[in-house]
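Report on one structure; see the data block that follows.
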Amino acid sequence: MNTARNTARNTAVNRRGLLAATAATGLTLAPVNFARAEDRPGTGPEGPHRTRTVRGTLPVGSPDYVYLPVEVPGGVAEFAVFYTYGKPPVPPGVPGNALDIGLFDERGTALGGRGFRGWSGGARTAFFVRSDAATPGYLPGPVRPGTWHIALAPYTVAPEGLPYEVTVTLRFGEAAPTPAPVYPPERARGRGRAWYRGDCHVHSLHSDGRRTPAEVAAAARAAGLDFINSSEHNTTSAHTAWEGLWGDDLLILTGEEITTRNGHVLAVGTDPGVFVDWRYRARDHRFGRYAHRIRRAGGLVVPAHPHATCIGCNWKFGLAEADAVEVWNGPWTPDDEVALAEWDNALVASVRNTGGRNTDVRNTDVRNTGDGPTRWLPAMGNSDAHREPDRLGHPQTVVLAESLSRRAILAGIRAGRSYLAESAALTLSFDATDGRAGHAGIGERLRAAADAPVTVRLEVSGAAADCTVRLVTDQGVLLTTPLPAAGAGVVEWRTTPAHAAYVRAEVRHAPAVPGLPGAFAALTNPVFLDVAAGTAG
């Protein structure tokens with residue numbers, strides 16, 4: 001099997017090449033060659049096959065992606081990989097070893113190219129691809145001859161290095177036909193123009209989740225959701241996994257959680273089968289290209305958990321390319337509180353940078369690139385549910401849409417016609433009126449004279465008994481009042497456009513720690529109060 005020769009060559013390349021490469025670039029190791037004529041396939045219960053094992057050590061400072069080429073001969077029916085790596089103990093506060101893995105076929109490893117065949121990150125130690133099937137996270141299809149690449153991605157490396165062992169097995173035989181993909185429909189029956197509840201950040205066993213797609217769909221229905229977005233880490237393999245699971249009551253959108261080393265971003269509602277690359281950092285100035293790809297595929301760009309504390313999770317690309325931002329991710333935590341504060345500051349900036357008027361520039365090409373107008377970004381809430389006891393729909397984004405369809409749901413999210421709730425039990429309405437037939441709801445604008453009295457009205461039902469309502473403007477929290485013990489009630493407050501550029505509502509539980517804000521039960525996107533043209537501010 002010439003394992004020793006492959007081991008020596010790859011270890012030597014590691015030592016010579018890795019330290020000269022930057023973390024954002026890739027390194028290619030010596031190839032694993034299966035094409036030598038003297039090698040005859042072994043036989044056994046699995047049929048004719050060949051196996052090679054490669055060993056090496058990745059030092060601290062390794063590139064983000066290290067590619068192991070595999071020369072694949074003709075006649076291969078299945079490409080299988082098993083890998084392990086060392087996890088030595090490390091001092092407190094020092095990251096230990098973590099090695100992710102994926103696969104590219106003979107079409108190459110170019111960024112955004114067609115060679116992508118799958119990604120499992122660190123979720124599993126073995127995978128296979130063949131024409132008619134593949135391990136979840138990987139794409140079925142022919143195993144054509146040529147140079148394939150196993151992508152090794154050292155997420156973190158211990159001080160003494162990351163020793164790895166990769167075993168590749170090629171199984172020979174006739175390839176079965178590749179099944180035609182079956183994707184979810186873009187429309188469900190719905191209720192016409194209505195408020196629809198959804199969770200756009202969910203995981204299954206197609207990445208690092210533990211639920212099957214069937215279990216995800218069942219949990220979505222149990223949570224009272226109308227739609228979900230398939231958002232696996234760095235793979236589209238789940239796009240074909242929902243057959244028989246959608247229905248008149250459940251719309252399934254296809255997307256991806258693009259998991260870079262500088263933060264995660266949700267591609268929400270992209271065309272089925274569209275892959276968005278993740279192999280870049282903020283300093284590479286490539287994110288705009290891939291944000292554009294998401295939009296070309298009909299989707300929304302939504303930075304996920306922007307202030308999460310896990311390594312590589314904190315969002316570093318800025319919000320200039322975002323269509324919305326995930327302010328609330330799973331159970332409410334301090335990093336969500338930071339995300340909320342940053343989002344509120346961005347709302348203030350969107351008002352300040354439009355010359356004192358909330359001119360709607362969200363549907364133009366204006367970006368957050370200087371002193372000019374700044375779009376306001378709607379807030380989203382998603383569960384990021386992976387496994388039990390994670391709850392799908394905690395939280396959820398409740399969207400006013402013309403229909404239960406991909407296009408209508410995405411339009412509602414993009415326009416900010418939405419609020420966030422901890423469960424389907426909680427319902428609210430929120431609007432502003434000026435007493436002269438002027439009216440604006442969530443995500444909308446009410447234009448009135450600077451000193452015109454405006455009444456803001458919030459109606460809540462289904463909240464817990466300990467909840468308090470807070471009304472927040474560009475000046476801060478201007479009203480705090482408890483809800484009745486029944487968890488339902490109406491709160492009205494009066495202001496003017498001169499004193500409040502926007503108003504948004506929070507429904508919070510009682511604080512777990514005295515003096516700190518309580519966890520959220522619900523949060524609205526703002527109603528904007530614009531000073532009408534020709535009036536003094």
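Numbering of residues begins at 1 and proceeds along the displayed sequence. Please read these numbers as outputs of a predicted model, since none were measured by experiment. The basis for the numbers below is simple: all heavy atoms, side chains too, and nothing from hydrogens, waters or symmetry mates.
The backbone N or O of Gly273 lies less than 3.5 Å from a partner atom in the side chain of His239, making a donor-acceptor pair. A donor-acceptor pair under 3.5 Å is formed between the side chain of Asp277 and the backbone N or O of Gly112. For the pair Ser231 (side chain) and Glu256 (backbone), a donor-acceptor distance under 3.5 Å is absent. Looking at Thr212, its side chain does come within 3.5 Å of a backbone N or O of Glu215 through a donor-acceptor pair.
Contact check on Arg295 versus Glu321 returns a salt bridge, with a Lys/Arg side-chain nitrogen under 4.0 Å from an Asp/Glu carboxylate oxygen. Salt-bridge check for Arg279 with Asp284: failed, with every basic side-chain N at 4.0 Å or more from each acidic carboxylate O. Asp226 has a carboxylate O that lies under 4.0 Å from a charged side-chain N of Arg191, or vice versa, which qualifies the two as a salt bridge. Using a 4.0 Å cut-off between charged side-chain N and carboxylate O, Asp64 and Arg281 make a salt bridge.
Trp278 and Tyr290 have their aromatic ring centers separated by at least 6.0 angstrom. Aromatic ring centres of Trp119 and Phe275 lie farther apart than the 6.0 Å criterion allows.
Between His201 and His203, the angle of the ring planes goes over 60°, which puts this pair in the perpendicular group of the 30/60° scheme.
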Verdict with supporting geometry, Trp148 and Phe104, ring-ring contact (aromatic ring centres under 6.0 Å, His included): CA-CA 6 Å; Trp148 290 49; Phe104 292 81; over 10 Å; no
